[in-house]
K.L.:
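Let me begin by handing over the structure; questions about it come next.
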Amino acid sequence: MSKNGSDDLDAGLLYQVDEIPPNKLTLGLGVQAALLFLGASILMPTITFQAAGASESVAAWAIFASLLIAGVISGIQAFPFRRFGAGFVLATCPTAAALAVTVDALLAGGPSLLLTLMIATALFQFVFSYRISMFRRVITQTVSGVILMLIPVTAVPIMFQRIGEVSPGHSQPIGLACALVTLATTICVSLYARSRLRPWAPLLGICAGGAVAGAYGLVDVDQIRQAPWVGLPSTAWPAVGLDLGPSFWALLPAFLIVAVSCSIRTMSAALAIQDASWRVPRAPDQRVVQGALAAEALGNLLAGLGGTMMNSARSSTVPLVRSTQVSARPVGLVLGIALVAFAFLPKVAALVLALPPSVLAAYLAIMLATLFVTGMKLVVAEGPDYRRMLIIGISFWVGAGCEFGLLLPEILPQVAGGLLNNGLATGGMTAILMTVLLELTGHRRRKLVTDLDVSCLPELRAFVAQFGSDKGWSERMRDRLDAVAEETLLTLIEGQADSGTDSRRLWVSAHSEGGDAVLEFVAKSNEGNIEDRIAFLGDASEARPAERDISLRLLRHLASEVRHRQYHDLDLIIVRVEPSQGAAR
């Protein structure tokens, strides 16, 4: 709680991202975070490889590789290397989103096929991370939400097959009882426990279900006892080759769609962790997002080479930072080191491998439910637009129908080598294609390409004037558009002069949206965020001549909204002007 008595935890941030807390506090918080994410790092590969029929030794290797990779990438996220890493505390763990496709790959072609698919996925993510500005109109929140809602649909059969599974000699109701105890404990802790205890709900549920399973003799105690405290897994790295056969091409779209989904979640987590890591709010930096995505791509490349499943950044890092009120980078480094250390403790992995499948399936049910709700939140966040609702409904039911063989079952399975059997691939591609169609047939954008120089001002003013005339707006509205375009151009030119860069190209587009005028300015990347500079106007502590802020002050007065998105390769400034007088938010 802040000093003024508000409930805003950010106002009472003890150590922000660029500060160094005491060593004891850093160590304690880092290890605590590692314990929180340890469950996902162990349970996800365990459930996945067991569902694919892998032996316990192979599953143990997958756990080892997952922990190792999760630790390394979590450390890189905190302390970036070149363009890899966000520069914030952002844990990375195996993701439930990749469970079904990983099982499909292992069943269709074993480790070789999984390695090939993971390498292709990582290469796609590298390109995506570097050029996310190109995909901003296609990979929308609606598309991502549909994909996240479809992932549980593809994984539900695995969950239901294992939720009542027990070892020979035990009755099925005992396995169901273990699953129910796991579910009940997790739900009760999530709903009724204090806020600091809620992140531990899945782990507490696993412990409760495991205790019931142990009481009925469903836990393999000998396996736990025989596992050493420190060491390496008994199975060495599965040396495999590349598999570019028909199964690869059939499963590749599904893997790429899962990668898109994970990337969108990582983007959201990277934006949210920025908001939680500073005492004074700053405009989101898309270069941080690009670094987080590049680190995730590196992790997935290592995961493919290591013979394990896909990783993704954990958005639950954000509430953890808010609750501890410490966002310092050293905590993220200790988190990564602790996860690497856990990889060399085989007894921890043996403890999870000894649990009955029903307990792990109950844990999976909670994860899938959370994933589905996350997808719903994404699609609802963009508002009740009929066209988006149509994309959501059609894409979801096409995906569900194909997944369960209900949509043209005599025709679709023979098309494209079985590609359309995968509900995630068909539903995701439907959402993307409908979004592209909507973008192509939607509001018409007027475009201008010129040099970022004061000499282009007459050309820009003529462009904006023609746009306003075509829309039939009043003279007052056209004058405001003219002033907004001029002040935005001058601000960009000033930023170019500050950075000492050569002359740059400028791309301007204009369209109407909900009755408002929206101008987009795209130029080569530059330092300094305009949103931050607008927010800090009038701050006496900033050593900046007041006359240099004239353009920003006018822009704040004339525009109803100014958004500045900085990427490694370009700047994107979006200015919205309402027909009635507004102020920048």
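These numbers come from a predicted model, not from an experiment. Along the sequence shown, residues carry numbers from 1.
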K.L.:
Donor-acceptor pairs under 3.5 angstrom involving side-chain atoms of residues 63-81: please list them, not counting sequence neighbours.
P.N.:
{"unit_1": "Ser66", "atom_1": "OG", "unit_2": "Ala62", "atom_2": "O", "d": "2.8"}
{"unit_1": "Ser66", "atom_1": "OG", "unit_2": "Thr308", "atom_2": "OG1", "d": "2.7"}
{"unit_1": "Ser74", "atom_1": "OG", "unit_2": "Ala70", "atom_2": "O", "d": "2.7"}
{"unit_1": "Ser74", "atom_1": "OG", "unit_2": "Thr92", "atom_2": "N", "d": "3.0"}
{"unit_1": "Gln77", "atom_1": "OE1", "unit_2": "Ala86", "atom_2": "N", "d": "3.0"}
{"unit_1": "Gln77", "atom_1": "NE2", "unit_2": "Ala292", "atom_2": "O", "d": "3.3"}

K.L.:
Is there a donor-acceptor pair closer than 3.5 Å between any side-chain N or O of Gln290 and the backbone N or O of Ser129?
P.N.:
yes

K.L.:
Side chains of Met310 and Thr102: closer than 4.5 Å at any heavy-atom pair?
P.N.:
no

K.L.:
Could you pull out the closest heavy-atom pair between Ala105 and Leu251, with the gap in Å?
P.N.:
CA-CD1, 3.7 Å

K.L.:
My understanding is that only residues two or more places apart in sequence, or in another chain, count here; which of them pass side chain to side chain donor-acceptor pair (under 3.5 Å) with Ser41?
P.N.:
none

K.L.:
Roughly how far, to the nearest 0.5 Å, is the CG atom of Asn311 from the CG atom of Leu298?
P.N.:
10.5 Å

K.L.:
Under 3.5 Å, is there a donor-acceptor pair between the side chain of Ser327 and the main chain of Tyr15?
P.N.:
yes

K.L.:
Please report the C-alpha distance between Leu114 and Met309 in whole Å, then the side-chain angles of each, then the deciding distance to 0.1 Å, and finally whether the side chain to side chain contact (heavy atoms under 4.5 Å, CB included) criterion is met.
P.N.:
CA-CA 8 Å; Leu114 178 62; Met309 64 186 301; 5.9 Å; no

K.L.:
For side chain to side chain contact (heavy atoms under 4.5 Å, CB included), just list the numbers for Phe128 and Val260, CA-CA rounded to whole Å, side-chain angles, deciding distance to a tenth of an Å, and then say yes or no.
P.N.:
CA-CA 9 Å; Phe128 183 78; Val260 168; 5.6 Å; no

K.L.:
Backbone N or O of Leu176 within a donor-acceptor pair of the Ser358 side chain at under 3.5 Å?
P.N.:
no

K.L.:
Test Ile206 against Leu43 for side chain to side chain contact (heavy atoms under 4.5 Å, CB included), laying out the working first.
P.N.:
CA-CA 10 Å; Ile206 289 287; Leu43 291 168; 4.1 Å; yes

K.L.:
To the nearest 0.5 Å, what is the distance between OG1 on Thr121 and CE on Met118?
P.N.:
6.5 Å

K.L.:
Output the distance between atom CZ (Phe248) and atom CG (Leu113), rounded to the nearest 0.5 Å.
P.N.:
8.0 Å

K.L.:
Once you round to the nearest 0.5 Å, how far does CH2 of Trp278 lie from CD1 of Ile273?
P.N.:
12.0 Å

K.L.:
Are the side chain of Arg314 and the backbone N or O of Cys93 linked by a donor-acceptor pair below 3.5 Å?
P.N.:
no

K.L.:
Counting only N and O atoms by type, is there a donor-acceptor contact under 3.5 Å from the side chain of Lys347 to the main-chain atoms of Ile224?
P.N.:
yes

K.L.:
If you take all heavy atoms of Leu183 and Ala365, which pair is closest and at what distance?
P.N.:
CD2-CB, 4.2 Å

K.L.:
What closest approach, in Å, do Gly399 and Thr426 show between heavy atoms, and which atom pair accounts for it?
P.N.:
CA-OG1, 3.7 Å

K.L.:
With the side chain counted from C-beta on, respond yes when Ile47 and Leu99 share a heavy-atom pair under 4.5 Å apart, and no when they do not.
P.N.:
yes

K.L.:
Is there side-chain contact between Ile42 and Phe342, with heavy atoms separated by less than 4.5 Å?
P.N.:
no

K.L.:
Looking at every non-hydrogen atom in both residues, tell me the closest pair between Gly427 and Val146 and how far apart they are.
P.N.:
O-CG1, 4.4 Å

K.L.:
Do the side chains of Val359 and Pro356 get nearer than 4.5 Å, heavy atoms only?
P.N.:
yes

K.L.:
Minimum heavy-atom separation for Val31 and Val334, please, with both atom names.
P.N.:
N-CG1, 4.0 Å

K.L.:
If you draw a 6.0 Å radius around CD1 in Ile20, do more than 12 non-hydrogen atoms from other residues or ligands fall strictly inside?
P.N.:
no

K.L.:
For the OH atom of Tyr363 and the CD1 atom of Ile366, what is their distance to the nearest 0.5 Å?
P.N.:
10.0 Å

K.L.:
For Thr185 and Cys188, run side chain to side chain contact (heavy atoms under 4.5 Å, CB included): C-alpha distance rounded to whole Å, both residues' side-chain angles, the deciding distance at 0.1 Å, then the answer.
P.N.:
CA-CA 5 Å; Thr185 303; Cys188 288; 6.0 Å; no

K.L.:
What residues, two or more places apart in sequence or in another chain, satisfy side chain to side chain donor-acceptor pair (under 3.5 Å) together with Glu19?
P.N.:
Arg279

K.L.:
Given 3.5 Å as the limit, does a donor-acceptor pair link the side chain of Trp249 with the main chain of Leu244, or not?
P.N.:
yes

K.L.:
In Å, rounded to the nearest 0.5 Å, how long is the span from CG of Leu339 to CZ of Phe37?
P.N.:
9.0 Å

K.L.:
For Ser312 and Cys262, which heavy atoms make the closest approach, and how far apart are they?
P.N.:
OG-O, 3.6 Å

K.L.:
Side-chain donor-acceptor pair under 3.5 Å between Gln125 and Asn300, yes or no?
P.N.:
yes

K.L.:
With a 3.5 Å distance limit and no angle check, can you tell me whether Trp61 reaches the backbone of Gly306 through a side-chain donor-acceptor pair?
P.N.:
yes

